[in-house]
Amino acid sequence: MRDKRMSLPVDLLGTSSVTVDGAFVRVTRSGMWTESQARDHYRELDTLLKRIRLSSGGANVLLDLTQAMVQTSAVAKVIAEATANIYKPVDRVSVLCSSALVGLQIKRQARIDNLATFSDEAAALEWLFARPPTT
C-alpha cells in the first residue's frame, strides 16, 4: 500500500522562534500553525513574559508576522484568547505585518493595551523603544 501522506512545502509549516535580550523579546512566526502549536507557543511565551516582568517591570515585544500565513479560524481563536491573557498593560507590543490589511485586522481583533502595527522594522523598533514599558 502506498503512503498517502502529503509533504508540505517548508513555507507552509508553522514555525516560530523567540529571542530575548533583557526586556526585549523578538518573536518570529511563519507558515500555518495547528491549534496545538499555537497553545504551546503562547504557554511558553506567557512563562517568559512573567519572568521578564519580575525582573524588568514590563516587556518590549516585537512580533514579526511578515512570513506568517492567514490562520484557520480555530487557530485564530486560540491566538486571540492567548494574546488577550498573556500581554499586560506594562508590556509594549510592536507587530511587523506584511500588509496594511493584516495590520488593520490585528488592531481590530487585539485586546492589548500598548500595541502598534508596522510594515517597516525600523519604525516598529523605534516605536517600541520610544518609551519603556509602563511600570
Side-chain angles (χ1 to χ4, degrees):
M1 184 194 256
R2 218 172 140 199
D3 186 352
K4 294 185 179 190
R5 287 181 290 177
M6 184 172 74
S7 176
L8 294 175
V10 172
D11 62 344
L12 292 180
L13 301 175
T15 63
S16 68
S17 67
V18 178
T19 56
V20 181
D21 183 4
F24 173 63
V25 179
R26 181 186 185 103
V27 179
T28 304
R29 293 196 330 227
S30 66
M32 291 286 294
W33 282 17
T34 64
E35 291 173 67
S36 176
Q37 282 176 305
R39 277 191 290 274
D40 290 347
H41 168 78
Y42 284 105
R43 186 175 30 256
E44 292 170 11
L45 186 57
D46 186 35
T47 300
L48 173 64
L49 293 174
K50 286 176 181 174
R51 283 198 329 250
I52 290 172
R53 283 186 211 106
L54 286 174
S55 64
S56 302
N60 284 323
V61 180
L62 174 65
L63 176 56
D64 183 347
L65 299 179
T66 55
Q67 299 300 311
M69 300 179 76
V70 174
Q71 304 298 312
T72 65
S73 60
V75 171
K77 183 178 177 185
V78 170
I79 292 169
E81 290 172 359
T83 56
N85 292 317
I86 69 168
Y87 294 112
K88 305 302 179 202
V90 296
D91 301 323
R92 288 175 61 83
V93 182
S94 181
V95 184
L96 192 56
C97 305
S98 57
S99 72
L101 177 59
V102 171
L104 288 173
Q105 290 172 332
I106 288 170
K107 284 182 181 179
R108 189 182 68 223
Q109 294 175 344
R111 292 175 282 175
I112 302 170
D113 291 337
N114 296 308
L115 173 127
T117 61
F118 300 89
S119 59
D120 176 71
E121 185 171 340
L125 289 168
E126 182 179 337
W127 177 86
L128 195 59
F129 291 105
R131 68 174 180 81
T134 309
T135 55

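Numbering starts at 1 and runs along the sequence shown.
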Selection residues 64-88 - residue pairs positive for salt bridge (charged side-chain N to carboxylate O under 4.0 Å, His left out), sequence neighbours left out: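 Matches after skipping sequence neighbours: Arg26-Asp64.
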
Whether [X] side chain and [Y] backbone form a donor-acceptor pair below 3.5 Å:
{"X": "Gln71", "Y": "Thr34", "result": "no"}
{"X": "Asn114", "Y": "Pro89", "result": "yes"}
{"X": "Ser30", "Y": "Gln67", "result": "no"}
{"X": "Arg92", "Y": "Trp127", "result": "yes"}

Nearest-0.5 Å distance, [atom1] of residue [X] to [atom2] of residue [Y]:
{"X": "Asn60", "Y": "Asp21", "atom1": "CG", "atom2": "CG", "result": "11.0 Å"}
{"X": "Thr72", "Y": "Trp33", "atom1": "OG1", "atom2": "CH2", "result": "12.0 Å"}
{"X": "Ile79", "Y": "His41", "atom1": "CD1", "atom2": "NE2", "result": "8.0 Å"}
{"X": "Asp120", "Y": "Leu96", "atom1": "CG", "atom2": "CG", "result": "7.5 Å"}
{"X": "Ser56", "Y": "Phe24", "atom1": "OG", "atom2": "CZ", "result": "13.0 Å"}

Transitive ILVMFWY side-chain link Val95 to Leu48, under 4.5 Å: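 Yes, one cluster joins them.
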
Shortest non-hydrogen contact between Ala59 and Ile52, atoms and distance: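 Nearest pair, atom of Ala59 first, then Ile52: CB-CG2, 3.8 Å.
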
Leu115/Tyr87 under side chain to side chain contact (heavy atoms under 4.5 Å, CB included): CA gap, chis, key distance, verdict: CA-CA 10 Å; Leu115 173 127; Tyr87 294 112; over 6 Å; no

Contact check, side chains of Leu45 and Val25, non-hydrogen atoms, under 4.5 Å: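 Yes, at least one pair of side-chain atoms sits under 4.5 Å.
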
Min side-chain heavy-atom separation Val61-Leu49 under 4.5 Å: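 Val61 reaches Leu49 side chain to side chain.
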
From CA spacing to verdict: side chain to side chain contact (heavy atoms under 4.5 Å, CB included), Val75, Gln37: CA-CA 9 Å; Val75 171; Gln37 282 176 305; over 6 Å; no

For Arg29, side chain to side chain donor-acceptor pair (under 3.5 Å) partners two or more places apart: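 So Arg29 forms a side chain to side chain donor-acceptor pair (under 3.5 Å) with Tyr42.
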
Qualifying side-chain hydrogen bond (donor to acceptor under 3.5 Å, both in side chains) pairs, either residue in residues 43-54, two or more places apart: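 Applying side-chain hydrogen bond (donor to acceptor under 3.5 Å, both in side chains) to every pair that reaches into residues 43-54, excluding sequence neighbours, yields Asp40-Arg43, Asp46-Lys50, Arg53-Asp91.
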
